[in-house]
Peer 1: 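The structure under discussion is supplied below as structure tokens; questions concerning it will follow.
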Number of protein chains: 2
Amino acid sequence: MAGIKDVAAAAGVSVATVSRVLNGHPSVSAEARARVNRAVETLGYRPNAVARSLRTDQTHTLGLVISDVLNPYFTELARSVEEEARALGYSVIIGNADERPELQDHHVRNLLDRRIDGLLVSPTDGGSPLMLDAARAGTPMVFVDRWIPGVEVPVVRADGRGAVRDLVAHLYRLGHRRLAIIAGPAATTTGSERVEAFRAALAEHGLPLPDAYTGQGDFQAESGRRVTEGFLDLAEPPEVVFAADNLMALGALDAVRARGLRVPDDIALAAFDDIPWFVHTDPPVTAIAQPTGELGRAAVRALVDRIEGRTPRSVTLPARLVVRRSCGAPPTPSPVQRSTS
Amino acid sequence: MAGIKDVAAAAGVSVATVSRVLNGHPSVSAEARARVNRAVETLGYRPNAVARSLRTDQTHTLGLVISDVLNPYFTELARSVEEEARALGYSVIIGNADERPELQDHHVRNLLDRRIDGLLVSPTDGGSPLMLDAARAGTPMVFVDRWIPGVEVPVVRADGRGAVRDLVAHLYRLGHRRLAIIAGPAATTTGSERVEAFRAALAEHGLPLPDAYTGQGDFQAESGRRVTEGFLDLAEPPEVVFAADNLMALGALDAVRARGLRVPDDIALAAFDDIPWFVHTDPPVTAIAQPTGELGRAAVRALVDRIEGRTPRSVTLPARLVVRRSCGAPPTPSPVQRSTS
DNA sequence: GGCAGGGATGTAATCGATTCCACGAGTCCA
DNA sequence: TGGACTCGTGGAATCGATTACATCCCTGCC
């Protein structure tokens, strides 16, 4: 493969001049510039990004460590992150932590070794020493969706409290009084926040959230199934199950169906995180939709701000309720926003 | 950040010795090794992968360029690719081509500039000059799922012909005679192959595939919707619509539902590419399932074989039919394999 | 006419590792 | 005893770029 020296030789100039042409440095004669460009063209020369990175200490690469690539929410997040990064001249390396802290650490270490310019993380747990050290050592870093309290790192996330309140109001209006939740891992902020928001919203209607109605899940479908079975085994099962993410909702749907019960007639179902498939399930699932694409873009902008010396800002965007049929109401016009497709 | 020189100084040895310890070179005294390891530990030293890559001309990175990250099939493929690559000591950079040739080229160029060790591609089109040049220039490369004929590159893919024949037999047995297909782009191998397999299977039953029943899609949901609307507008609409991928099936489902029609009573539906969500749609969708995870792993193994000097083999694995309710049959035991979950 | 200033260019140091080669010391065997 | 060999080690070249610095030449102004 042709290197910068070959180009210099072919153009009859020094490597310094070639480099200047390549980087748009003003101080090059039009004549030399033309000769270099011609040589680049004929040799099919492409600069070696590895060498360039070593010298400039910039890789123009961002790391993104997410909890579960198979979760459509994170897939969409990853997609929007890549798009925005590309628009700003960066590439993205994605690490899938699969909700496993040690895998998360593996990816963080690997990305750091590769000297990425900045790190976007949706932490699986409360934060490993490795990640905290990196943040403290000054690695540009931004949390998306989930975050770790007490660390000086900007956070880009959605606030679901308003939407959860809307959801509970909607359920209350439909006559439901026994509401249960499948929570996410308490170690994640999204795991605990959603339970708290739910509990607070229930309290507004004078409803309790008994322990028996608080199931512990792990954001994966299987745990949703397991917890739901537990609910159904209760002497007095809940009338509604609210899953703190989409995969657990899927597991819940399975569990209900496996008993020969029907949604919403026998039990209602709602989920946090809307995804395109919820329109097509039987029945369509009422869900809380995050502005996922906007979150990804905002996170990249914050990270690049940090990298390029500007001051990054934390961003919180509102989530919104999307009413479908899984809680019993026909999706007729109502004060609450309806599904649009 | 500490460099190898710092470690050498702290351990009282030369950088050469540090490097030898780091790379497990045998010719180092136990004593020196211990001192180096201690210094590495206390300094928290991590080798700079960029510098290492420059020197060794290996990045231990694979590029994966896929057509659409939002398609669950490719998401799962990407996941299995990353897993297998990690197991073999490689990282993966994913490029999302979004079915756009120019974006595909952008990613290929970017990955080549970064000097990835090998490239895994599921080509969006018939192959750009850039990609063909790279293959010819000796860049280790493997095609997954889709491929480009006439290029000396191993291919890892699923053969759907048997499963399509099973599907058509299944439909025939249910009494369906007017079968239509939503095809993928003719420029992709999967686009044209699936139509051919379908046509051949129909022929075995003496059934034609009229032009009016061959709709042109682009593997995205919207095109499935559009083509299906066309089918429904025909004087004699088909009894079955077979979508050549999952997203177009989703679009078809939408179109049918928008007309107030029901699947499978008014029209039957089947899809190529099974995904977890098809179990939960209304009705559950009969689909042809590829061994996606195995494809991803086989592709990585082939690519790494090529990179490490062994001879890579092309791999073709069979797809299989998964019968659910969208074609009208109750999923009772039958010679054809049933859905398992 | 001489000198300051600025533009175009080349030489060489540099980034952080790996690795070839040389060298000294120790071992073995003739 | 000495040559051949091995082992542990360090010095220095190298990978392919960027860039500080020096140099040269031209222009403009006093």
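Naming: A, B, ... by sequence-line order, numbering from 1 per chain. These values consider heavy atoms only, across backbone and side chains, with no hydrogens, waters or symmetry-generated copies.
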Peer 1: Take Arg313(A) and Asp305(A) through the test salt bridge (charged side-chain N to carboxylate O under 4.0 Å, His left out) and record every step on the way to the result.
Peer 2: CA-CA 9 Å; Arg313(A) 293 184 313 108; Asp305(A) 278 347; over 6 Å; no
Peer 1: Run the side-chain hydrogen bond (donor to acceptor under 3.5 Å, both in side chains) test on Glu83(A) and Asn96(B) for me, step by step, so that the C-alpha distance in whole Å, both residues' side-chain angles and the decisive distance to 0.1 Å come before the verdict.
Peer 2: CA-CA 9 Å; Glu83(A) 274 180 5; Asn96(B) 175 28; 5.6 Å; no
Peer 1: Determine whether a donor-acceptor pair (N or O, by modelled atom type, separation under 3.5 Å) exists between the side chain of Arg35(B) and the backbone of Ala11(B).
Peer 2: yes
Peer 1: Check step by step if side chain to side chain contact (heavy atoms under 4.5 Å, CB included) holds for Leu132(A) and Val151(A).
Peer 2: CA-CA 8 Å; Leu132(A) 301 180; Val151(A) 188; 3.7 Å; yes
Peer 1: Rounded to whole angstrom units, what separation is found between the CZ atom of Arg55(B) and the C1' atom of dT19(C)?
Peer 2: 6 Å
Peer 1: Which residue lies toward the 5' end of DNA chain D, His25(B) or Gly3(A), if each is placed at its nearest nucleotide?
Peer 2: His25(B)
Peer 1: At 4.0 Å (heavy atoms only), tell me whether Ser19(B) reaches a base, stays on the sugar-phosphate, or touches nothing.
Peer 2: base
Peer 1: Is the phosphate of dG8(D) approached by Thr17(B) (side-chain N or O, under 4.0 Å from OP1 or OP2)?
Peer 2: no
Peer 1: Between atom CG in Asp6(A) and atom P in dG16(D), what is the gap in whole Å?
Peer 2: 9 Å
Peer 1: Identify whether any heavy atom of Ser27(A) sits under 4.0 Å from a base atom; if not, whether one sits that close to sugar-phosphate; answer base, sugar-phosphate or nothing.
Peer 2: base
Peer 1: Need one value for Asn23(B): base, sugar-phosphate or nothing, where a base atom within 4.0 Å counts as base even if backbone is also close, heavy atoms only.
Peer 2: sugar-phosphate
Peer 1: Which part of the nucleic acid, if any, lies within reach of Val13(A) when heavy atoms closer than 4.0 Å are counted: base, sugar-phosphate only, or nothing?
Peer 2: sugar-phosphate
Peer 1: Rounding to an integer number of Å, can you tell me how far Arg115(A) CZ sits from dA17(D) C1'?
Peer 2: 18 Å
Peer 1: Closest approach to the side chain of Val15(A), judged atom by atom: which nucleotide of dG16(C), dT18(D), dG10(C) is it?
Peer 2: dT18(D)
Peer 1: Using a cut-off of 4.0 Å on non-hydrogen atoms, how would the nucleic acid contact of Thr56(A) be classed: base, sugar-phosphate, or nothing?
Peer 2: sugar-phosphate
Peer 1: Taking only side-chain nitrogens and oxygens of Arg52(A), does any of them come within less than 4.0 Å of OP1 or OP2 of dT18(D)?
Peer 2: yes
Peer 1: Rounding to an integer number of Å, can you tell me how far Ile4(B) CD1 sits from dG16(C) P?
Peer 2: 11 Å
Peer 1: Examine dG8(D): is either OP1 or OP2 under 4.0 Å from a nitrogen or oxygen in the side chain of Ser29(B)? Give yes or no.
Peer 2: no
Peer 1: Can you check side chain to side chain contact (heavy atoms under 4.5 Å, CB included) on Glu82(A) and Val69(B), steps first, answer last?
Peer 2: CA-CA 11 Å; Glu82(A) 195 274 335; Val69(B) 263; over 6 Å; no
Peer 1: Over how many whole Å does the gap from Arg20(B) atom CZ to dA17(C) atom C1' extend?
Peer 2: 13 Å
Peer 1: Rounding to an integer number of Å, can you tell me how far Arg46(B) CZ sits from dG16(C) C1'?
Peer 2: 15 Å
Peer 1: In terms of the nearest nucleotide of DNA chain C, which residue is placed more toward the 5' end: Ala16(B) or Val50(B)?
Peer 2: Val50(B)
Peer 1: Whole angstroms only, please: what is the CD-C1' distance between Glu31(B) and dC7(D)?
Peer 2: 15 Å
Peer 1: Report the distance from atom CZ of Arg35(A) to atom P of dT9(C), rounded to the nearest whole Å.
Peer 2: 8 Å
Peer 1: Could you tell me whether the side chain of Thr75(A) and the main chain of Asn71(A) form a donor-acceptor pair under 3.5 Å?
Peer 2: yes
Peer 1: Side chain of Pro47(B): nearest nucleotide among dA17(C), dT9(C), dA17(D)?
Peer 2: dA17(C)
Peer 1: Report which part of the nucleic acid Ala49(B) touches: base, sugar-phosphate, or nothing (heavy-atom distance under 4.0 Å, all strands).
Peer 2: nothing
Peer 1: dC15(C) phosphate, OP1 or OP2: any side-chain N/O from Asn48(B) under 4.0 angstrom?
Peer 2: no
